[in-house]
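Inspection log for the structure reproduced underneath, given as structure tokens.
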Amino acid sequence: MKRKHMFLLIAAIIIFIGVFVCLILRPFNNKPKTEIVFRITWDALSSRGEAVNKIVETYNASQNDVHVTMTGGNEERQDFLDTLDQNAADVLMMPYRYTKNSEIADGLLNLDTIYSSQKNYYYDTVNILAKTKNGAVGIPWIGHSMALIYNQTILDEAGVDPQAIQSMDDLLDACRLIALETDAGGLGLVGADCHDLSWMASQFIYSFGGALVSADSEGNQTAVLIDSPESAKALDFYIHKLGNYAQDGWQEDTGVEVMEAFADGEIAFEIQGPWGITDIWKRGKPFEVGAIALSRMGIYAEVGPLLLSIDKDTPHAEAAKAFVRYLIQKETLERVMDGEYDEKYEAFYPYRVPLRKDMEDSDFFKRYPEFLVFIEGYQKPSINTMTAEWEEAYKPLYEHYVHQAVIGEITIQEALKNIGAKKPYE
């Protein structure tokens with residue numbers, strides 16, 4: 001056999017042996033992937049959960065050594081605590097109010113190293129929500145704020161320029177002009193004894209300089225402050241001034257009826273989150289719809305920021321941090337705007353917005369800049385659930401007694417006094 005052929009044969013044998021050895025040893029060299037569990041505050045099988053899971057799947061496809069599994073959840077405080085106690089999740093999507101709950105915050109990993117590099121991307125008001133006395137235990141991710149949604153057709157008919165509405169008095173003047181020049185009402189209001197009434201009213205209480213409660217650094221309630229002259233002025237403006245131009249029967253309406261009245265052209269304005277715009281899209285865009293940040297009018301917007309936290313006892317802290325860093329990237333956050341699937345309309349619609357304030361140069365927000373106002377609204381946030389005590393004991397009273405004032409059964413002053421005194425009702 002020629003030397004050249006002998007060399008080729010030997011080389012082939014060496015390659016064959018190498019491949020054979022690799023195949024034999026492969027099961028022993030395969031290092032198992034680090035498994036991370038990511039708990040969200042929605043049902044994993046819901047359209048919203050599926051939207052988040054698409055982002056998770058993209059991350060998994062980019063990883064060799066880590067795999068993330070998403071699980072569903074809710075915003076119930078005890079369920080969140082149980083998840084931490086059982087170490088059932090490594091990364092957790094967390095309602096903002098839990099950062100001020102020491103029992104929860106003590107079970108979370110300090111994320112100052114991530115937070116310090118990101119804090120300039122958020123409004124100071126958002127940063128306050130993320131921090132505790134022991135540092136940051138949550139990184140701002142996504143959420144909603146309320147904005148003033150308007151029907152451009154009605155405003156054109158009335159001769160109202162939405163960009164000229166720069167104060168609460170401007171809003172009231174616009175409502176008067178709309179009532180005078182058109183068949184529509186002004187701003188849609190909630191009046192029923194329900195959750196929607198509390199967050200709607202709270203926005204105006206904060207805007208008039210009032211407050212619901214005071215709390216210490218750990219989120220423990222120290223005083224109930226709602227019974228004040230500022231709160232009385234706010235509710236008077238809401239009930240007796242704006243109420244003159246609201247939809248018929250608003251005193252018994254929830255947010256659902258407000259959205260219906262807006263879509264039907266019965267009112268020119270509504271205060272809603274991003275879904276206020278997409279609801280009109282779903283209905284075939286019967287009119288041009290726009291939005292104004294409430295902060296531009298000096299109104300504090302109800303907000304629902306969601307943060308990312310990590311279980312303090314996770315054995316995979318570094319992998320969990322890497323996943324959190326991925327979720328807060330601009331490129332990842334823009335994918336949130338891909339939206340959730342609506343089976344009824346067979347299309348995708350945005351459900352939340354990023355909390356980063358530098359999203360204006362991303363493709364989605366270039367196409368739909370009206371959604372930027374829901375980020376801008378975080379400049380003046382109305383916090384409707386500041387403490388656990390307020391949410392559990394006072395908020396039901398708040399909704400009930402303000403409703404009684406709305407329908408004229410009691411005065412505004414009586415309503416505020418009853419809430420502040422924590423008196424039971426039948």
Side-chain angles (χ1 to χ4, degrees), residues 41-42 48 74-76 95-97 143-150 168 171 175 185-208 210 212-213 226 231 234-243 245-264 266-280 291 294 299-306 351-352 374 377 380-386 390-409 412 415-416 419 425:
T41 56
W42 303 306
R48 198 162 294 176
N74 54 48
E75 294 193 13
E76 294 297 324
Y96 69 91
R97 57 190 178 274
H144 74 267
S145 75
M146 295 296 168
L148 185 69
I149 314 294
Y150 60 84
M168 285 185 279
L171 175 60
C175 290
L187 174 64
L189 297 184
V190 171
D193 184 352
C194 67
H195 167 68
D196 291 338
L197 178 58
S198 67
W199 64 253
M200 276 284 284
S202 294
Q203 297 176 122
F204 290 92
I205 287 175
Y206 281 112
S207 302
F208 274 80
L212 304 182
V213 301
I226 192 170
S231 295
L235 292 181
D236 179 69
F237 182 81
Y238 183 85
I239 297 170
H240 298 135
K241 294 183 179 177
L242 289 175
Y245 307 103
Q247 75 277 12
D248 291 339
W250 73 269
Q251 295 85 351
E252 298 292 346
D253 282 353
T254 69
V256 173
E257 286 78 31
V258 171
M259 291 182 73
E260 288 296 326
F262 182 73
D264 291 341
E266 296 175 16
I267 49 177
F269 301 108
E270 64 174 347
I271 293 177
Q272 296 289 353
W275 51 85
I277 291 178
T278 56
D279 182 62
I280 302 305
L294 293 179
I299 299 177
Y300 284 62
E302 192 271 340
V303 297
L306 294 163
Y351 56 98
R352 291 293 187 271
F374 300 105
K380 291 180 179 291
S382 169
I383 308 301
N384 195 39
T385 50
M386 285 191 65
W390 173 266
E391 186 173 16
E392 293 170 7
Y394 288 87
K395 191 166 163 289
L397 303 178
Y398 181 19
E399 294 159 5
H400 174 78
Y401 285 122
V402 172
H403 171 66
Q404 292 297 304
V406 164
I407 62 176
E409 289 293 322
I412 290 172
L416 295 172
I419 300 165
Y425 61 88

Side-chain contact, heavy-atom cut-off 4.5 Å: [X] with [Y]?
X: E266; Y: D248; value: no
X: L189; Y: E257; value: no
X: Q272; Y: F374; value: no
X: H403; Y: Q251; value: no
X: M168; Y: F208; value: yes
X: L187; Y: Y245; value: no
X: N384; Y: S198; value: yes

Subject >> I226/V213 under side chain to side chain contact (heavy atoms under 4.5 Å, CB included): CA gap, chis, key distance, verdict >> reply: CA-CA 7 Å; I226 192 170; V213 301; over 6 Å; no

Ignoring hydrogens, what is the shortest heavy-atom contact between [X] and [Y]? Give both atom names and the distance.
X: S231; Y: I205; answer: OG-CG2, 3.4 Å
X: A415; Y: V402; answer: CB-N, 4.4 Å
X: V190; Y: D253; answer: CG1-O, 3.3 Å
X: L294; Y: A147; answer: CG-CA, 3.9 Å
X: A291; Y: I149; answer: CB-CD1, 3.8 Å
X: L235; Y: I412; answer: C-CD1, 3.7 Å

Original post:
Distance-only, no hydrogens or angles: does the E252 side chain make a donor-acceptor pair with backbone N or O of G249 under 3.5 Å?
Top reply: no

Original post:
Can any side-chain N or O of D196 pair as donor or acceptor with the backbone N or O of G255 at less than 3.5 Å?
Top reply: yes

Subject >> Modelled atom types, side-chain donor and acceptor of E302 and H144, under 3.5 Å >> reply: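 Yes, a side-chain donor-acceptor pair sits under 3.5 Å.
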
**OP:** Would you kindly say whether S202 and Y398 are connected by a side-chain donor-acceptor distance under 3.5 Å?
**Re:**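 Distance-only check passes for S202 and Y398.
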
Original post:
Looking at residues at least two apart in the chain, or sitting in another chain, which of them share a salt bridge (charged side-chain N to carboxylate O under 4.0 Å, His left out) with E392?
Top reply: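 With sequence neighbours excluded, E392 shows a salt bridge (charged side-chain N to carboxylate O under 4.0 Å, His left out) to R77, given in chain and number order.
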
**OP:** Report the C-alpha separation of W199 and I271 in whole Å, then their side-chain angles, then the decisive distance to 0.1 Å, and conclude whether the side chain to side chain contact (heavy atoms under 4.5 Å, CB included) test is met.
**Re:** CA-CA 11 Å; W199 64 253; I271 293 177; 4.3 Å; yes

How far does [atom1] of [X] sit from [atom2] of [Y], to the nearest 0.5 angstrom?
X: T254; Y: E260; atom1: OG1; atom2: CD; value: 10.0 Å
X: H195; Y: M200; atom1: NE2; atom2: CE; value: 12.0 Å
X: K380; Y: S207; atom1: NZ; atom2: OG; value: 8.0 Å
X: I419; Y: Y401; atom1: CD1; atom2: OH; value: 8.5 Å
X: E409; Y: H400; atom1: CD; atom2: NE2; value: 9.5 Å
X: E75; Y: Y96; atom1: CD; atom2: OH; value: 9.0 Å

**OP:** Would you check, one step at a time, whether the test ring pair (Phe, Tyr, Trp, His ring centres under 6.0 Å) holds for W42 with Y351?
**Re:** CA-CA 12 Å; W42 303 306; Y351 56 98; 5.6 Å; yes

Original post:
Can you say whether the rings of Y238 and W250 are parallel (under 30°), tilted (30 to 60°) or perpendicular (over 60°)?
Top reply: perpendicular

Original post:
Once the angle between the rings of Y206 and Y300 is folded into 0 to 90°, is it parallel (under 30°), tilted (30 to 60°) or perpendicular (over 60°)?
Top reply: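 Rings of Y206 and Y300: parallel, under 30°.
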
Original post:
Yes or no on side chain to side chain contact (heavy atoms under 4.5 Å, CB included) for F204 and L242, after CA distance, side-chain angles and deciding distance?
Top reply: CA-CA 11 Å; F204 290 92; L242 289 175; 3.8 Å; yes

**OP:** Could you check L171 against L148 for side chain to side chain contact (heavy atoms under 4.5 Å, CB included), going step by step and ending with a plain yes or no?
**Re:** CA-CA 10 Å; L171 175 60; L148 185 69; 3.9 Å; yes

